[in-house]
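Data block below; observations after.
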Amino acid sequence: MCAFVKGEPSVRVSVVGLGYVGLVTSACLAEQGHDVVGIEVSSARIEALLDGRMPFHEPGLAELVQANREVGRLTFTADPAAISQADVVFVAVGTHDGNGGWQTRTIQSCLNDIVPRLADDAALVIRSTLPPWFLAHLPIIVGRMRQEAGLGEVPVLLNPEFTKEGTAVQDFLEPERVVLGIAHDVDGRGAARLRRLYRGMSAPILEMSATDAALSKLGANLFLATKISFANELAQLCDQYGGNVDQVVGAMAYDHRIGGAFLRAGIGFGGSCLPHQVTMTVATAAKSGLPTPLFAAVAEVNLRQRERMIDRLAGLLGGSVAGARIALLGVTFKPDTDDLRDAPSIHIATRLIEEGATVVAFDPMTNALERFAALVPGVRVASSVEIALDDADAAALVTEWGVFRQLDWVDAASRMRRAIMVDGRNALSVVELVDAGFAYASFGRGIRGQTDVPVTAPLVTAVEAEATGAPTSHETPAIDASATEGSPSERHRSGTSDLDLALTD
Ligand SMILES: NC(=O)c1ccc[n+]([C@@H]2O[C@H](COP(=O)([O-])OP(=O)(O)OC[C@H]3O[C@@H](n4cnc5c(N)ncnc54)[C@H](O)[C@@H]3O)[C@@H](O)[C@H]2O)c1
């Protein structure tokens, strides 16, 4: 837990780049009693913030921003000159190229703007995730810019960001560790200043080289991604042999060397961090002749899971999704965020439409749903989950928002043309769904199985089929869900559904 230390002078901070990372950093440092100026190049974003509107959804952030603006500890501007007053300047601009690679153009242009404006005794702290090869260049670039401006050198540090979207405020205020990476700090004044900034934190402050700091951030994300792909591979074994991944992982988690966190099977990871960092690591290492087959497999398994969602829907629909109407439940890459960056929903909806399905999406984040419609040509969006489910041939749970967990499944089944659910997050109760009349598939929990008693027989491999004469799993007939068809959904339809569906047509 961190707390404002009474009697200690506050640190004057500037944060450059007010995205998911920079805005949380700004608001949380202000909350800790520091004087913070947030600097942002996007005029629309600055206008929104000055107007009291949040540019994105992050639980608890709007309240922190408002409270700290009211007491004058947090201000926003588009003018980079504001950093000349700061003791510590954080840089939190983007480093992704949008195509699974790194880019350093944004940070280099940002450094161009700010480095000649830094006060002589200020510390420059990079919060963005940097490509490992850029670390050696960073202090040289900054040193050269200072020299060309006729100014003295400044300390350059890395302070990687370990917060998670959805719980970022709490993660910042109650971190598990604070990592300080030293890129250039001859007299230790940069590290001392950051220690003063974080003096209210009870978490350990770990000081190391900038390269180690960057790799500790990268390593954490690679490990988490590996855990998810591992769980997905394990789930395949469970499906193959009639096991239940919940039971299997539950038992494994008692081993403290393993732990249960992130061992979650489903459609895999998305978002701005994990997918990019896995692919960027593989590509960057390959360029320097270093093979990273484990991380390459993590990425491959992750993409495969998105495709398996399509296969599962096709299987339950009798072999193909063509002509089917699919209710896509959730579009954000995880609950409690409106972030769509590398969200599995984009891949899944695009592929379903390519295969001839009609996709009707709903997400509690209206603004994310609107952006989703722009990203996925041909998708339809609904203004409520009930409207998305009306007349659907199948539903696909893509984001495990609480609102979906709490649905009345009997009502949901009766709205749908065929009560079929593929749960891409293993988030729903098998028993509840099956009792409501659903044909239900998830990942590693069989098809129409129950949590403790799987109903379906294990899938039969080609080799076993040859030995026993049984049909292979590919030949296994899809479950006929017609027996679970609900009553005509017209009875339940609200008068607005056609309008909703026309939103993105
Ligand atoms: N999103 C996360 O959860 C997360 C977690 C850990 C690390 N990171 C890393 O943190 C960095 C930032 O990520 P993000 O998600 O906040 O990105 P983002 O794209 O949401 O935000 C970056 C912001 O910086 C602004 N910007 C760009 N150039 C600028 C300049 N010269 N001056 C002022 N503002 C400028 C952009 O307009 C944008 O608002 C990336 O390197 C990312 O890899 C992100």
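Whatever order the structure lists them in is the order used to number ligands and atoms, beginning at 1. Just so you know, these numbers use all the heavy atoms, side chains as well, and skip hydrogens, waters and symmetry mates.
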### Summary
atom 11 (C) of ligand 1 has as its nearest protein heavy atom Val93 O, 3.4 Å

### Message
I'd like to know if the side chain of Gln236 pairs up with that of Arg304 as donor and acceptor (distance under 3.5 Å, no hydrogens or angles considered).
### Response
yes

### Query
N/O of Tyr20 under 3.5 Å from N/O of ligand 1, yes or no?
yes

### Query
Which residue holds the protein heavy atom closest to atom 30 (C) of ligand 1, what is that atom called, and what is the gap in Å?
Val41 CB, 3.9 Å

### Query
To which protein heavy atom is atom 19 (O) of ligand 1 closest, and what is the distance rounded to 0.1 Å?
Arg341 NH1, 3.8 Å

### Task
Using a 4.0 Å heavy-atom cut-off, say whether Lys217 meets ligand 1 through its side chain, its backbone, both or neither.
side chain

### Task
May I ask you to identify, for Cys273, whether its side chain, its backbone, both or neither come under 4.0 Å of ligand 1 on a heavy-atom basis?
side chain

### Task
Could you list which atoms of ligand 1 come closer than 4.0 Å to a heavy atom of Ser272?
1 (N), 2 (C)

### Message
Below the 3.5 angstrom mark, is there an N/O of Arg45, backbone or side chain, next to an N/O of ligand 1?
### Response
yes

### Query
Just checking, is any N or O donor in the side chain of Ser10 or Asp35 under 3.5 Å from an acceptor N or O on the other one?
yes

### Task
Could you tell me whether some N/O pair between Thr129 and ligand 1 is separated by less than 3.5 angstrom?
yes

### Query
What is the closest protein heavy atom to atom 22 (C) of ligand 1, and at what distance does it sit?
Ala92 O, 3.7 Å

### Message
So for ligand 1, is Val16 a polar contact partner (N or O within less than 3.5 Å, distance only)?
### Response
no

### Message
Is there a polar contact between ligand 1 and Gln277, counting only N or O atoms under 3.5 Å apart?
### Response
no

### Query
So which heavy atom in the protein is nearest atom 43 (O) of ligand 1, and how far is it from that ligand atom?
His96 NE2, 3.4 Å

